[in-house]
Amino acid sequence: KKNSKNYIVFLDNGMVDHPDYQKLGISPYCTDEIYFPLLRSFFSKVEEQTGFQIIVAVHPRLTINDDLIFKYGNREFFAGKSAELVRDAKLVLAHASTAINFVVLWNIPLIVITTDQIERAIYSSMEALTQILKTPRININNSYNSVNFFEISQKPISQYNHYVEKVIKVNGSPIQNSAEILIKGLKKYVQ
């Protein structure tokens, strides 16, 4: 069932508090005091220009709590619904996220955003994403006052088929649910 509400979704990927940071013994890519004020300011500008509310699809391994909601400017939060939220969104904002696959598969306009901290931490991931989609990324540490968000979000769409072939599936593989491919392969194996 499609959601008829007009909104933009931000694909949160835990830049500040992803559980893997602690498991891997690495520092977070971003700090609370720099990352969240930048995001809130950018979100407000996008909402003002587009007339659409931004909602947050939180990383599935993060816990939604009052502190996290506050950090995002008291925006609406959803967990475990990234695919549905993307499918029904008017536009998607993201860093580098696996959920971008949903954006591509459903042909949804996309804006790739970054910060100085993200660029220092995962530059190669951000560069690879914007190269394959042939789209610029907006560094929200810099001015974006002259950016037309609807216009820039259309740029990657022409590359979505290329992205599918290079990132989501191997060229020539069947266009079929992966579970069906697995079952078919297992049947051949046991016979």
Side-chain angles (χ1 to χ4, degrees), residues 3 5-22 26-100 102-103 108-123 125-127 129-130 133 135-156:
N3 183 339
K5 186 177 171 186
N6 291 326
Y7 62 85
I8 295 170
V9 67
F10 171 66
L11 299 174
D12 168 75
N13 57 346
M15 285 292 178
V16 172
D17 48 7
H18 195 290
D20 285 353
Y21 294 142
Q22 197 169 34
I26 60 174
S27 298
Y29 297 148
C30 299
T31 60
D32 271 12
E33 50 283 339
I34 294 175
Y35 181 73
F36 289 110
L38 287 170
L39 271 187
R40 287 191 303 269
S41 179
F42 180 73
F43 288 175
S44 293
K45 181 68 175 178
V46 171
E47 289 171 332
E48 177 188 309
Q49 187 187 112
T50 64
F52 296 139
Q53 171 192 359
I54 293 175
I55 61 174
V56 179
V58 71
H59 187 281
R61 292 184 34 220
L62 295 180
T63 304
I64 298 173
N65 57 37
D66 290 341
D67 184 47
L68 190 61
I69 293 169
F70 175 76
K71 288 176 183 177
Y72 273 102
N74 297 313
R75 288 178 168 80
E76 233 179 318
F77 265 75
F78 297 90
K81 296 189 178 293
S82 295
E84 301 96 300
L85 292 171
V86 166
R87 179 195 65 205
D88 300 339
K90 297 297 180 194
L91 192 150
V92 173
L93 304 172
H95 303 306
S97 169
T98 306
I100 288 175
F102 299 130
V103 177
I108 306 299
L110 171 69
I111 297 176
V112 179
I113 61 174
T114 188
T115 68
D116 289 345
Q117 289 182 325
I118 293 169
E119 290 292 307
R120 281 192 294 274
I122 57 169
Y123 171 80
S125 296
M126 298 302 293
E127 182 66 14
L129 176 65
T130 54
L133 291 174
T135 191
R137 55 189 180 274
I138 297 175
N139 184 327
I140 60 176
N141 278 98
N142 303 327
S143 175
Y144 41 80
N145 288 330
S146 62
V147 174
N148 180 319
F149 298 117
F150 284 124
E151 185 179 304
I152 199 168
S153 71
Q154 298 298 311
K155 289 181 186 249

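Applying the side-chain contact (heavy atoms from CB on, under 4.5 Å) test to Gln154 and every residue at least two apart in sequence or in another chain returns Pro109, Ile157. With sequence neighbours excluded, no residue forms a side chain to side chain donor-acceptor pair (under 3.5 Å) with Lys155. Shown here are the side chain to side chain donor-acceptor pair (under 3.5 Å) partners of Asp66, two or more places apart in sequence or in another chain: there are none. Remark: Tyr29 engages no residue in a side chain to side chain donor-acceptor pair (under 3.5 Å) (not counting sequence neighbours). Under the side-chain contact (heavy atoms from CB on, under 4.5 Å) criterion, Glu76 pairs with Lys5, Gln53, Ile55, Phe78, sequence neighbours left out. Listed by chain and residue number, Tyr72 satisfy the ring pair (Phe, Tyr, Trp, His ring centres under 6.0 Å) test with Phe77 (two or more places apart in sequence, or in another chain).
Closest approach of Leu93 to Leu91, counting heavy atoms only: CD2-CD2, 3.7 Å. Between Asn13 and Ala96, the shortest heavy-atom contact is ND2-O, 2.7 Å. Annotation for Leu68 and Asn65: closest pair N-OD1, 2.7 Å, computed over non-hydrogen atoms.
The structure places OH of Tyr35 at 7.0 Å from CD1 of Ile140, a figure rounded to the nearest 0.5 Å. Atom CD1 of Ile34 is separated from atom CD of Gln117 by 4.0 Å, given to the nearest 0.5 angstrom. In this structure, CZ in Phe42 is found 10.5 Å from CD in Glu47, a value given to the nearest 0.5 Å. Distance CG/Leu11 to OG1/Thr98: 10.0 Å, rounded to 0.5 Å. Note: Lys71 NZ to Ile69 CD1 = 12.0 Å, rounded to the nearest 0.5 Å.
Contact check for Asp88 versus Tyr7: side-chain heavy atoms found under the 4.5 Å cut-off. Side-chain contact between Pro28 and Asp17 is absent, with no heavy-atom pair separated by less than 4.5 Å. Under the 4.5 Å side-chain criterion, counting only non-hydrogen atoms from C-beta, Ile122 is in contact with Met15. Side-chain atoms of Phe149 and Ile138, non-hydrogen and from C-beta on, do get closer than 4.5 Å to each other. By the 4.5 Å heavy-atom criterion applied to side chains, Leu129 and Val112 are counted as neighbours.
Between the side chain of Gln49 and the backbone N or O of Val147 there is at least one donor-acceptor pair closer than 3.5 Å. When atom types are taken as modelled, the side chain of His95 and the backbone of Ile113 share a donor-acceptor pair closer than 3.5 angstrom.
For the side chain to side chain donor-acceptor pair (under 3.5 Å) condition, the pairs that include at least one residue of residues 135-146, sequence neighbours left out, are Ser41-Tyr144, Asp116-Asn139, Glu119-Arg137, Glu127-Arg137, Thr130-Arg137.
Checked options Leu39, Val9, Ile8; the residue passing with Ile54 is Ile8 (criterion: side-chain contact (heavy atoms from CB on, under 4.5 Å)).
Around atom CZ of Phe70, no more than 12 heavy atoms belonging to other residues, nucleotides or ligands sit under 6.0 Å away. For Lys81, the NZ atom is loosely surrounded, since the number of other residues' heavy atoms within 6.0 Å does not exceed 12.
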